[in-house]
Amino acid sequence: MEYNFRDIEKKWHQRWVAMQTYQVTEDETRKKFYVLNMFPYPSGAGLHVGHPLGYIASDIYARYKRLQGFNVLNPMGYDAYGLPAEQYAIQTGQHPEKTTFDNINRYREQLDKIGFSFDWSREVRTCEPGYYRWTQWAFQKMFNSYFDEELQKAQPIEKLIEKFKAEGQWPADEKEQSDLLMQHRIAYLGETMVNWCPALGTVLANDEVVNGVSERGGYPVEQKKMRQWCLRVSAYSQRLLDGLETIDWSESIKETQKNWIGRSEGAEIEIPYLSASGEEEGGRFTIFTTRADTMFGVTFFVLAPESELVDQVTTPEQRVAVDEYIKYVKGRTERERMIDHTVTGVFTGAYGINPITGDKCPIYVAEYVLAGYGTGAIMAVPAHDSRDYAFAKHFDLPIIPLVEGADVSQESYDAKEGIVMNSPVSEEKSVLYDGERLILNGKTIKEAIAETKRFVKEHKLGRVKVNYRLRDAIFSRQRYWGEPFPVYYKHGIPQMIPEECLPLQLPEVDKFLPTATGEPPLGNATKWAWDTVSRSVVDCSAIDNETIFPLELNTMPGFAGSSAYYLRYMDPHNDEALVSEKAAGYWQNVDLYVGGSEHATGHLIYSRFWNKFLFDLGVSKKEEPFQKLINQGMIQGWSSFVYRVRGTNKFVSFDLLEEQYDDAKKKNIYFYEGTEADPVYADISMVTGNVLNVDKIREWTPEFREAEFILNQNGQYIVSQAIEKMSKSKYNVVNPDDICEHYGADTLRLYEMFLGPIEQSKPWDVAGIDGCFRFLKKFWNLAQGIIEQSNLSDLNNLNNQSNLNNQSNLNNLSTPNKEELKVLHKLIKKVTEDIEVFSYNTSIPAFMIATNELSQLKCTKRAILEPMVVLIAPFAPHIAEELWEALGHKTSVCDAQWPVFEEKYLVEDTVKMMVAFNGKTRFGIDFPADADNATIEAAARGHEMTPKYLEGKQIVKVIIVPKRMINLVLK
RNA sequence: GCCCAGAUGGUGGAAUUGGUAGACACGAGGGACUUAAAAUCCCUUGGCCAGUGAUGGCCGUACGGGUUCGAUUCCCGUUCCGGGCACCA
């Protein structure tokens, strides 16, 4: 029988649906395992070969765990709300709901072809009311909670009200009450500087802005003060940091999150400043520093331009200069400020007093100090901070070195290593507090920091303080396609609509396009007001400010719906709760999460925050949502370019062009007979190797139909190629459907895994796929041979039951021999170990080798084939099912048992020589198992690898152990 | 600038965590079958040198050192590529 993958895959796809093979329920008798993929945005372009990479990897693991007896949850759904979905809808001029559902259907069709073990009965879509009801619910819970610093967890807001009342701080006025609580709620309305993107018509979260432009589309972003819903993510900074220690994620992604959270330990120190008259104390401000040890090197102070302190300290003489400077700073965009680091600043006219030395130091305003971090004010130590150094050089301010041997004539010495000096220069330069002076000379920097902190704390000059860089997440988007906020405004005070009225459904609008002014599209909805009597959405014209109120016009951002979806998969149809106690108790959290590392500072932080909040509420049962994380790499595409001679409709073969390096553009530019030729993308379907099919490209678009193609002397048109991200706009997309059509899903799965380590990015290259296809054919042929033979021997067995003489003969036919068992167990060991560490690319060669070896051994034993079919089932499920059935099994291969590896079959070819001498034990070279000790010893002495080593030493003992036991023996 | 991860044949990549470097696949070359092609199967394939040949020798895991009987693996330094953060005091 031939390997007919089309029929096989079609047949098993239908059977899996009919038999509900992949549906799971909470089964208390079995151990759970939760595998999850980051669910996709259903974008308009459909799936390309890069998308399934992670899904295949996790599917292999899910199937493997299932074969090991675990109850595996492996769900899939769609992240359907948010900017990308809406941008696509706008581009195609359709309603986002329509495009989203069309795209979802297309995704589903494509996914189904690849043979995933998803439990589709648990599918979620973030844009469905039954789903986003719980997104809104969680938001309301956040609104009604505050973060208790002492307990380090979320608490009901009522507790805080009680506390305020007890302390007599509870205002009578409703508006004041609301304002006070707003400063503590986890979801709060805040007047903050936001990243405003005029082109997208919305604000963006920090992680959605890259290099001063929007992540989506690359549009400019400016800073703007707006009233927005925010999530107090920063309150969870320490827990987000601590949690990283408990989870099994790659070091690089943990590092990225650590950077993003940006914890820094330091001290806040109170600085008195002189009043305008210059005589008495005008007030105090607080600075933050991580280098408390450098107090003796302070030569000036700097305030952030946005800081309120600037107004307070500025003297009348400097007022004009300061105002002008602030105006200049405000006129600069975020991008300008990021790129241009030239030194700017202005003197305020005021002086601060260094509390340690008593010195009077000038106070400056400069944009290099940020208002949003620390206290927005710093003490400047030019000798030991490069930014302060640049500033001091520019304004000709003194520089006092504090570390022995540090040369600060050319640059600052920023390292935290060395011995402190000049601290103080002389005793009277250190102010006396309660009879004690701070003296740091001779100490290491680390000791000096600790000593200064102690001194500052003890003499009440300030306090020890930990700062985090992590900012609160801005949660409002001036967009249509997102979850509506379940909020209405009663006389300007936000109110939650009652929980039992959720979900608050997204209204229909005529125009869903964003506006440049920031007026959200929901403002176009006629029916968008809340009636507190009927407790329903009513027409806006009915607003009476007594019982009917306007609803919030903003919608939630993309990450709202994706922050707790893994919990919903546990119990997707529950109308009573986000997830039931029972389901959450059983499934706990995600054991294996697979997705791209580009979500490191977005989704993966928000999700962890969201889960921690739900954990505080008792809804989620684990503090961390994703125990193990695997980041699959990107699959890149080979883009092809044809070259059009500028100003003509001539396209020239790449090998006929002259190349020149352009310094300004930092890339090659090309010329044909003196005229520059510009690269134009050509669809890769029209290219074989690097040769263009000219007839095809003429049919492609009108611009090529009339074009002239200048071929090389071989009569070929050569394209140039580049490896780039796979994208529709680069015409380098390879569609998985085509691969499935040509080779089948099993080959696609195998090949994607074979391409290289799962975590690495690599270009898609079809060349190697034949190897995988050939292997499956070989495996199929081997299996067919065994199945035929074993059926034959079963038949003989029946016919000859009475004939005892034949018994030994039959045993030979059905009992595997030593060689065959060795091949099998080598494979079991390799594949099992590989799957555990996601090194699938090395398991596939193991299958190839085993198949070849068994073919050479002319193996006919089903006792060998059966476990092999189970081993291959996670990788190539369709072929495995077909063979499993052919072997006479009535149940799915999914319900089989993962084979157990037995050392005894492998011992002989993994022996090593152990040499013990002079009380030490070392190991040496491999020897055949049947070599006796004398032979080994003789060989060891004569062996060229270790002659020097063994010279003059006495070999006390030669032990033969399996290779993998060596480390155990050595211990 | 700071932090993290890398660098192995023509290519993707192996090497059991210090023990025969280059598994497996692709590509290339040669051969078998075939009228022919496709398909399939077999052989060769890191470099250099010697030999008719079986074979033997030397050099080789970015570069330079070190530890070790032995280093792709561990340590130090350099170069290059990728990722993250980037006036965060």
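A, B, ... follow the sequence lines: proteins, then strands. Residue 1 opens every chain. Quantities reported herein were computed from a predicted structural model and do not represent experimental measurements.
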Name the nucleic acid region contacted by [X], choosing base, sugar-phosphate or nothing; use a 4.0 angstrom heavy-atom cut-off, strictly under.
X         : value
Leu755(A) : sugar-phosphate
Glu268(A) : nothing
Arg263(A) : nothing
Glu255(A) : sugar-phosphate
Val381(A) : nothing
Pro763(A) : nothing

Quiz prompt | Closest to side chain of Val369(A), choosing from C85(B), C87(B), A89(B) | solution =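 Output: A89(B).
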Quiz item: Lys778(A) side chain: which of C24(B), C41(B), C85(B) is closest?
Solution: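 For the Lys778(A) side chain, the nearest candidate turns out to be C41(B).
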Practice problem: Would you indicate whether the side-chain heavy atoms of Leu53(A) and Ile758(A) approach each other to under 4.5 Å? | Solution: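 Yes, close enough: below the 4.5 Å cut-off.
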What pairs of nitrogen or oxygen atoms, one from the protein and one from nucleotides 21-23 of chain B, lie under 3.5 Å apart?
none

How many whole angstroms separate atom [atom1] of [X] from atom [atom2] of [N]?
X         : N      : atom1 : atom2 : result
Lys258(A) : A86(B) : NZ    : P     : 17 Å
Ile605(A) : C85(B) : CD1   : P     : 11 Å
His341(A) : A86(B) : NE2   : C1'   : 7 Å
Asn781(A) : U40(B) : CG    : C1'   : 10 Å
Asp770(A) : G27(B) : CG    : P     : 7 Å

Quiz item: When Watson-Crick pairs (N1 to N3 and N6-O4 or O6-N4) and G-U wobble pairs (N1-O2 and O6-N3) count only below 3.5 Å on both distances, what is the dot-bracket string of RNA chain B, with | for other-strand pairs?
Solution: ((((.((..(((......[....)))((((((.......))))))(((((....)))))..(((((..]....))))))).))))....
N or O in side chain of [X] less than 4.0 angstrom from [N] OP1/OP2:
X         : N      : value
Lys254(A) : C4(B)  : no
Gln257(A) : C85(B) : no
Ser264(A) : A89(B) : yes
Arg774(A) : C26(B) : yes
Tyr373(A) : A89(B) : yes

Quiz item: Could you write nucleotides 6-11 of chain B as a row of B, S and -, 5' to 3', where a protein heavy atom under 4.0 Å of any base atom gives B, of only sugar-phosphate atoms gives S, and otherwise -?
Solution: ------
Quiz item: Quick one: are the ring centres of Phe391(A) and Tyr364(A) less than 6.0 Å apart?
Solution: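 Aromatic pair counts; centres sit under 6.0 Å.
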Practice problem: Quick one: do Ser839(A) and Thr842(A) satisfy side chain to side chain donor-acceptor pair (under 3.5 Å)? Show the steps, please. | Solution: CA-CA 6 Å; Ser839(A) 172; Thr842(A) 60; 2.9 Å; yes
Quiz prompt | Counterpart residues, side chain to side chain donor-acceptor pair (under 3.5 Å), relative to Glu853(A) (two or more places apart) | solution =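 With sequence neighbours excluded, Glu853(A) shows a side chain to side chain donor-acceptor pair (under 3.5 Å) to no residue whatsoever.
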Between side-chain atoms of residues 763-779 of chain A and protein atoms elsewhere (two or more places apart, or another chain), which donor-acceptor pairs fall under 3.5 Å?
{"unit_1": "Asp765(A)", "atom_1": "OD1", "unit_2": "Ala767(A)", "atom_2": "N", "d": "3.2"}
{"unit_1": "Asp770(A)", "atom_1": "OD1", "unit_2": "Tyr743(A)", "atom_2": "OH", "d": "3.3"}

Let me check something: any side-chain donor-acceptor pairs from residues 844-851 of chain A under 3.5 Å, sequence neighbours excluded? List them with distances.
{"unit_1": "Thr851(A)", "atom_1": "OG1", "unit_2": "Phe847(A)", "atom_2": "O", "d": "2.7"}

Exercise. Could you tell me whether G9(B) is syn or anti, where syn means a glycosidic angle within 90 degrees of zero?
Key: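 Syn for G9(B); the angle stays within 90° of 0.
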